[in-house]
S.K.: 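Input: one structure, supplied below.
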Amino acid sequence: KQLKKINVNAILFAEAMQNYIKVVTTTESIIIHTSLKSFKELLPDYFIQTHKSYVISKYKVDKIVDNQVIIGTYKIPISVRLKKTVLNQF
């Protein structure tokens with residue numbers, strides 16, 4: 001096991017991948033053995049779920065186009081179920 005400190009302000013988004021999550025920051029991607037739900041509970045309120053598999057930092061969003069959040073070169077889906085909740089955050 002390895003412990004790594006992640007600056008919460010550098011997190012762009014987290015993506016669920018079966019029993020792991022991929023945390024994408026401004027400088028790297030890190031794979032962590034945890035659930036998205038458990039990880040989200042550790043994050044500040046400005047992180048919002050856009051889809052069952054994605055949690056984003058609303059401060060890193062460049063724009064919202066149709067059913068996607070654009071963060072830099074990343075396109076994160078917004079589910080139909082969560083679209084209204086996501087849009088109300090902006």
Side-chain angles (χ1 to χ4, degrees):
K1 279 191 163 182
Q2 180 182 359
L3 293 176
K4 182 168 182 122
K5 189 175 183 178
I6 302 172
N7 180 347
V8 71
N9 296 320
I11 297 173
L12 303 177
F13 65 91
E15 177 185 1
M17 301 168 34
Q18 294 177 337
N19 297 330
Y20 295 84
I21 61 167
K22 177 170 73 171
V23 179
V24 178
T25 72
T26 53
T27 58
E28 63 185 329
S29 293
I30 304 155
I31 305 295
I32 301 171
H33 183 70
T34 189
S35 70
L36 191 62
K37 182 179 178 184
S38 296
F39 186 69
K40 187 176 184 294
E41 290 172 1
L42 301 172
L43 297 171
D45 289 342
Y46 58 86
F47 281 85
I48 54 176
Q49 190 144 9
T50 63
H51 183 276
K52 69 178 182 180
S53 299
Y54 289 89
V55 171
I56 65 164
S57 169
K58 72 178 187 179
Y59 297 130
K60 302 294 184 185
V61 172
D62 293 319
K63 61 185 171 180
I64 297 175
V65 179
D66 298 324
N67 290 332
Q68 292 183 325
V69 174
I70 310 300
I71 301 176
T73 59
Y74 298 100
K75 295 179 179 177
I76 293 101
I78 302 172
S79 71
V80 172
R81 182 178 64 86
L82 293 171
K83 186 166 186 174
K84 186 174 181 181
T85 305
V86 171
L87 294 176
N88 285 340
Q89 294 289 319
F90 296 94

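Note that these values count all heavy atoms, side chains included, but never hydrogens, waters or copies made by symmetry.
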S.K.: With a 4.5 Å cut-off on side-chain heavy-atom distances among I, L, V, M, F, W and Y, is there a chain of contacts connecting Ile56 to Leu36?
M.R.: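 They do not share one cluster, since no chain of ILVMFWY contacts under 4.5 Å joins Ile56 to Leu36.
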S.K.: If you group Ile, Leu, Val, Met, Phe, Trp and Tyr by side-chain heavy-atom gaps below 4.5 Å, do Val86 and Tyr74 land in one group?
M.R.: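 The answer is yes; both residues are in one hydrophobic cluster.
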S.K.: Calculate, to the nearest 0.5 Å, the distance between atoms CD and NZ belonging to Gln68 and Lys63 respectively.
M.R.: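 Separation between the atoms: 10.5 Å.
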S.K.: Count the heavy atoms belonging to other residues, nucleotides or ligands that lie under 6.0 Å from CG of Asp66, then report whether that count exceeds 12.
M.R.: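 12 or below, so no.
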S.K.: Look at the rings of Tyr54 and Phe13 and say which category their plane angle falls in: under 30° parallel, 30 to 60° tilted, over 60° perpendicular.
M.R.: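 Ring orientation of Tyr54 relative to Phe13: tilted.
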S.K.: Is there a path of hydrophobic side-chain contacts, each under 4.5 Å between heavy atoms of I/L/V/M/F/W/Y residues, joining Tyr20 to Leu12?
M.R.: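 As far as the 4.5 Å side-chain criterion goes, Tyr20 and Leu12 are not connected within one cluster.
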S.K.: Nearest 0.5 Å, please: how far is CD1 in Ile71 from OG1 in Thr26?
M.R.: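 Nearest 0.5 Å value for the OG1-CD1 distance: 12.0 Å.
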S.K.: Establish whether Val24 and Ile30 are linked, either directly or via other cluster members, by ILVMFWY side-chain heavy-atom contacts under 4.5 Å.
M.R.: no
S.K.: Let's go through Leu87 and Ile64 carefully: what are the C-alpha distance in whole Å and the side-chain angles of both, what is the deciding distance for side-chain contact (heavy atoms from CB on, under 4.5 Å) to 0.1 Å, and is it a yes or a no?
M.R.: CA-CA 9 Å; Leu87 294 176; Ile64 297 175; 3.9 Å; yes
S.K.: Is a side-chain N or O of Thr50 found less than 3.5 angstrom from the main chain of Pro77, in a donor-acceptor match?
M.R.: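 Checking the backbone N and O of Pro77 against the side chain of Thr50, a donor-acceptor pair under 3.5 Å is found.
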S.K.: Check for a donor-acceptor pair, side chain of Lys58 on one end and backbone N or O of Asp45 on the other, with a separation under 3.5 Å.
M.R.: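 Absent.
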S.K.: Treat each ILVMFWY residue as a node, draw an edge where side-chain heavy atoms are under 4.5 Å apart, and state whether Phe47 and Leu82 are in one component.
M.R.: no
S.K.: Enter the distance from Asn9:CG to Lys60:NZ here, rounded to the nearest 0.5 Å.
M.R.: 6.5 Å
S.K.: Could you grab the distance from atom NZ of Lys22 to atom OG of Ser53, nearest 0.5 Å is fine?
M.R.: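 It is 12.0 Å, given to the nearest 0.5 Å.
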S.K.: For the side chain of Asp62 and the backbone of Gly72, is there at least one donor-acceptor N/O pair under 3.5 Å apart?
M.R.: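 Yes: the side chain of Asp62 pairs with the backbone of Gly72.
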S.K.: Stepwise, does the side-chain contact (heavy atoms from CB on, under 4.5 Å) test hold for Thr25 with Asn7?
M.R.: CA-CA 9 Å; Thr25 72; Asn7 180 347; over 6 Å; no
S.K.: Under the side-chain contact (heavy atoms from CB on, under 4.5 Å) criterion, do Ile21 and Val55 qualify, and how do the steps go?
M.R.: CA-CA 10 Å; Ile21 61 167; Val55 171; over 6 Å; no
S.K.: Roughly how far, to the nearest 0.5 Å, is the CD atom of Gln49 from the NZ atom of Lys37?
M.R.: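 Here the rounded value is 10.0 Å.
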S.K.: Do Met17 and Ile31 have side chains that get closer than 4.5 Å, going by heavy atoms?
M.R.: yes
S.K.: So Leu43 and Ile11, do their side chains get closer than 4.5 Å, heavy atoms only?
M.R.: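 Yes, at least one pair of side-chain atoms sits under 4.5 Å.
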